[in-house]
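Here is the structure we will look at.
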Amino acid sequence: MPPCVLLAGFSCSCQTHFSSKQGTYPRAFGLGLYTRLNKAFFPFADSPGVRFSSCTPKVCIVGSGPAGFYTAQHLLKTHQNVHVDIYERLPVPFGLVRFGVAPDHPEVKNVINTFTQTAKHSRCRFYGNVNVGKDVSVGELKQAYHAVVLSYGAEGNRSMGVPGEGLAGVYSAKDFVGWYNGHPSCRELNPDLNCETAVILGQGNVALDVARVLLSPIDILKKTDITQPALEALVRSQIRRVLIVGRRGPVQVACTIKELREMVNLPGTKSEMVEADFDGVTEALKDLPRPRKRLTELLLKTALDTPGDKEQQRRHQASRTWGFRFFRSPSEVLADADGNKTVGIRLAVTRLEGSGEGARAVLTGEVEDVTCGLVISSIGYKSHPIDPSVPFDTRRAVIPNTMGRVKQATGLYCSGWLKTGPTGVIATTMNNSFDTARSLVEDMESEALDLSSVKTGSEVISALLEERGVKSVSFSDWEKIDSVEMSRGEASGKPREKILTVEEMIQVART
Ligand SMILES: Cc1cc2nc3c(=O)[nH]c(=O)nc-3n(C[C@H](O)[C@H](O)[C@H](O)COP(=O)(O)OP(=O)(O)OC[C@H]3O[C@@H](n4cnc5c(N)ncnc54)[C@H](O)[C@@H]3O)c2cc1C
Ligand SMILES: NC(=O)c1ccc[n+]([C@@H]2O[C@H](COP(=O)([O-])OP(=O)(O)OC[C@H]3O[C@@H](n4cnc5c(N)ncnc54)[C@H](OP(=O)(O)O)[C@@H]3O)[C@@H](O)[C@H]2O)c1
Ligand SMILES: *[C@@H]1O[C@H](CO)[C@@H](O)[C@H](O)[C@H]1NC(C)=O
Ligand SMILES: *[C@@H]1O[C@H](CO)[C@@H](O)[C@H](O)[C@H]1NC(C)=O
Ligand SMILES: *[C@@H]1O[C@H](CO)[C@@H](O)[C@H](O)[C@H]1NC(C)=O
């Protein structure tokens, strides 16, 4: 007996059209007639020639960050019977919303409510603690599902490619952020904050998150979900000065105005800029697009305006400073006499070629050394391939695609940072994930995607995982972890005290 008929009989899952010896009867029949035919035909399902050829579409999604959840949300909303399974490497969902977004930005994490609704949808399942590419291959997923959406993000760091990058005291922002946000793989980072000056390379919003966490009053941080070890390290921190270094000028900073304003208003701190860096910037204002213009105006005001009485008093009381340094590109991290610890950084001086947001930095040949004990490289994240069978553009570090359809790979889709590269806020990720879901639904409807065979979906994958000793974590398991974290947080006046190891997460999930 064809397996599709079996499914049709018991779960009404073949709902778009069926075929028989006499030919294919398309959707145009309408659901009412189809249902009657389905009932009428079921008793004869065994007879050859009568079979239903279109089954419940089963889609799996790899990664449970914003891209995974927004793709799932849109698929479930626009297609009435698609089933969506989400596989996530960690036992806990939400990707960078949990492990990237700064602890002092709790409002950004409200998207978790929407993601939770999606996870609890009757046609959606969450399988945590499943490392795709290792526990199960993309090929195996493609066999088990009609379509596979890859949305596993950008979990690596771009490398500066300079000598000394590997010294003690040098960290990628990815690891540093992962450490204060409790990513299990960064638990042992234990960064040394026993120095006066920290240099952050890069001037994007991640750089500002890191600067803010390094300089924020402990009274602010202790009311957030920052991890306890990070909080304790920050209490002992000797860092008094943070320099945020960019290879281009004030007009090219990558951060946005809200985040800059937070730095400007950060209690207990004052800014310290280099006036000469702003030569010509006032004159350039008039040619800038509006958001860039407002951002540049705030930078100018911060750097050049004579502070009023109130601001002067605020600055007088500040015990910590921060500042942008422009036209400087990392050239070498400098080591102590033993050759194993950072004591400073050599910056190559640059000048701009061209103007406006697209201007390029070129080296002048001059260098400048800055003394510091901590270097954090915040020059961007990077995606990695997880399965040799999936096309990957190694130069751009993304999956080559058109509107989310992976090139030369039918049934394979991508969304989020893996699709676009590691830029954009959650709303940008939402937009491009909706686009991918739209492409997938289009392909299901145009029959570019073959839905004629029954797919076993999670049934066969779960069996495979069990065979391999992988114990997946369900969404209700996650909810146990969630409630334990929240009650631990309540005890110490925090919204949440995150569990820091995969072992303990799983242990809590199993109780
Ligand atoms: C430090 C930082 C702070 C940010 N702050 C903000 C902010 O305040 N506001 C804002 O709007 N945007 C912010 N963003 C941007 C936002 O986080 C991204 O736009 C968004 O998270 C990208 O979503 P994604 O799903 O593509 O990737 P991710 O969020 O990284 O999700 C990928 C998921 O895939 C999982 N995964 C990885 N490998 C595998 C595998 N092999 N198998 C199974 N699962 C796997 C990961 O564990 C993760 O859960 C921030 C980004 C960073 C880096
Ligand atoms: N609060 C928020 O909304 C929030 C918080 C965090 C992150 N995010 C978003 O997440 C995305 C990623 O943030 P991000 O800060 O990692 O990336 P980003 O915004 O792309 O900034 C990267 C920075 O690194 C610099 N850089 C890149 N390569 C370099 C090199 N080889 N040498 C020196 N400098 C180099 C860039 O300078 P050039 O411009 O010269 O290349 C830029 O200043 C962004 O879209 C960001 O807005 C948002
Ligand atoms: C970033 O990743 C690369 C590997 O791609 C690694 O060699 C480098 O040391 C990492 N750290 C920093 C700070 O760039
Ligand atoms: C630093 O380097 C010296 C020799 O180069 C070595 O003996 C010493 O153990 C190193 N110290 C640390 C803390 O790694
Ligand atoms: C998302 O898409 C909508 C509609 O196309 C657009 O108005 C909005 O600006 C987009 N947002 C981002 C952050 O790209």
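Model, not experiment: these values are computed from the prediction. Counting starts at 1 for both ligands and their atoms, following the listed order.
For Gly133, the heavy-atom gap to ligand 1 stays at 4.0 angstrom or more. Asn181 does not count as a contact of ligand 1, since none of its heavy atoms falls under 4.0 Å from the ligand.
In this structure, atom 11 (O) of ligand 1 lies nearest to the protein heavy atom Ile426 N, 2.9 Å. In this structure, the protein non-hydrogen atom closest to atom 26 (O) of ligand 1 is Trp417 N, 2.9 Å. Among protein heavy atoms, atom 35 (C) of ligand 1 sits closest to Glu88 OE1, 3.3 Å. Nearest protein heavy-atom neighbour of atom 39 (C) of ligand 1: Tyr152 CB, 3.7 Å. Looking at atom 27 (O) of ligand 1, its nearest protein heavy atom turns out to be Gly153 CA, 3.6 Å. Protein heavy atom in closest approach to atom 11 (N) of ligand 5: Asn431 ND2, 3.0 Å. Summary of contacts: the protein heavy atom closest to atom 25 (O) of ligand 1 is Ala67 N, 2.9 Å. The single protein non-hydrogen atom nearest to atom 12 (C) of ligand 3 is Asn157 ND2, 3.3 Å, given as residue, atom name and distance. In terms of protein heavy-atom proximity, atom 43 (C) of ligand 1 is nearest to Arg89 N, 3.2 Å. Considering only non-hydrogen protein atoms, atom 42 (N) of ligand 1 sits nearest to Val132 N, 3.1 Å.
In this structure, atom 1 (C) of ligand 3 has protein heavy atoms in its sub-4.0 angstrom surroundings. Distance remark: protein heavy atom not present below 4.0 angstrom from atom 7 (O) of ligand 3. Under the 4.0 angstrom criterion, atom 50 (C) of ligand 1 counts as lacking any protein heavy-atom contact. The presence of a protein heavy atom under 4.0 Å from atom 14 (N) of ligand 1 is ruled out. At a distance under 4.0 Å, a protein heavy atom can be found next to atom 14 (O) of ligand 5. Under the 4.0 Å distance rule, the nearest protein heavy atom to atom 4 (C) of ligand 5 falls outside the cut-off.
Using a 30° and 60° split on the angle between ring planes, Phe69 and Phe94 fall in the tilted class, from 30° to 60°.
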Quiz item: Arg325 and Glu368: salt bridge (Lys or Arg N to Asp or Glu O under 4.0 Å), yes or no, with the steps?
Solution: CA-CA 12 Å; Arg325 290 294 176 273; Glu368 177 193 43; over 6 Å; no

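The closest donor-acceptor contact from the side chain of Asn431 to the backbone of Thr428 lies at 3.5 Å or more, if one exists at all. Ser462 places no side-chain N or O within donor-acceptor distance of the main-chain N or O of Glu459, the cut-off being under 3.5 Å. Put simply, the side chain of Asn157 never gets that close to the backbone of Lys174: no donor and acceptor are under 3.5 Å apart. The backbone N or O of Leu201 lies less than 3.5 Å from no partner atom in the side chain of Arg328, so there is not a single donor-acceptor pair. With Gln252 contributing its side chain and Gly249 its backbone, the two residues share a donor-acceptor pair below 3.5 Å. Without hydrogens or angle criteria, Lys455 side chain to Lys58 main chain gives no donor-acceptor distance under 3.5 Å. Between the side chain of Asp336 and the main chain of Lys341, a donor-acceptor pair closer than 3.5 Å is present. Remark: side-chain polar atoms of Asp477 are paired, donor with acceptor, to backbone N or O of Ser474 under 3.5 angstrom. Using modelled atom types, one side-chain atom of Asp393 and one backbone atom of Arg396 make a donor-acceptor pair closer than 3.5 Å.
Between Arg212 and Met263 there is a side-chain heavy-atom pair separated by less than 4.5 Å. Arg89 has its side chain out of reach of Tyr152: every pair of non-hydrogen atoms, C-beta onward, lies at least 4.5 Å apart. Residues Thr269 and Arg241 have side chains not in contact (no heavy-atom distance under 4.5 Å, counting atoms from C-beta outward).
Within the 4.0 Å heavy-atom criterion, neither part of Ala427 lies near ligand 1. Heavy atoms from both the backbone and the side chain of Leu96 come within less than 4.0 Å of ligand 1. With a 4.0 Å heavy-atom cut-off, ligand 1 is reached by the backbone of Val101 and by its side chain too. Neither the backbone nor the side chain of Asn205 has any atom closer than 4.0 Å to an atom of ligand 1 (non-hydrogen atoms only). Contacts of Arg158 with ligand 3, taken as heavy-atom pairs under 4.0 Å, involve the backbone alone. Contacts between Glu155 and ligand 1, counted as non-hydrogen atom pairs separated by less than 4.0 Å, involve the side chain only. Residue Val108 touches ligand 1 through its side chain alone, judged by heavy-atom distances below 4.0 Å.
Under the side chain to side chain contact (heavy atoms under 4.5 Å, CB included) rule, Arg496 has a single partner from Ile226, Val484, Asp225, which is Asp225. Just one of Leu299, Thr302, Leu243 meets the side chain to side chain contact (heavy atoms under 4.5 Å, CB included) condition when paired with Phe324; it is Leu299.
With ligand atoms numbered from 1 in the order given, ligand 1 contributes 33 (C), 34 (O), 35 (C), 44 (N) to contacts under 4.0 Å with heavy atoms of Gly63. For ligand 3, the atoms closer than 4.0 angstrom to any heavy atom of Glu165 are 14 (O). Near Asp209, meaning under 4.0 Å from one of its heavy atoms, ligand 1 places the atoms 3 (C). Atoms of ligand 1 found under 4.0 Å from any heavy atom of Gly95 (numbered from 1 in listed order, with element): 29 (O), 31 (O), 48 (C), 49 (O). The atoms of ligand 5 that sit less than 4.0 Å from any heavy atom of Thr428 are 13 (C). Those atoms of ligand 1 with a heavy atom of Val62 less than 4.0 angstrom away are 42 (N), 43 (C). Distances below 4.0 Å separate heavy atoms of Tyr171 from the following atoms of ligand 3: 13 (C). Here is the list of ligand 1 atoms found below 4.0 Å of a heavy atom in Gly416: 26 (O).
Looking at ligand 1, you'll find an N or O of Gly424 within less than 3.5 Å of one of its N or O atoms. Residue Ser159 places no N or O, backbone or side chain, under 3.5 Å from any N or O of ligand 3. The distance criterion of under 3.5 Å between nitrogen or oxygen atoms is not met by Ser415 with respect to ligand 1. Looking at ligand 1, you won't find any N or O of Tyr381 less than 3.5 Å from one of its N or O atoms.
Checking Arg123 against His79 by side-chain atom types alone, no donor-acceptor pair falls below 3.5 Å.
Across Gly404 and Lys419, no two heavy atoms sit closer than the pair N-CE, 3.7 Å. Considering all non-hydrogen atoms of both residues, Pro191 and Trp179 come closest at CD-CE2, 3.4 Å.
In summary, Glu504 and Arg187 do not engage in a salt bridge, as defined by a charged side-chain N under 4.0 Å from a carboxylate O.
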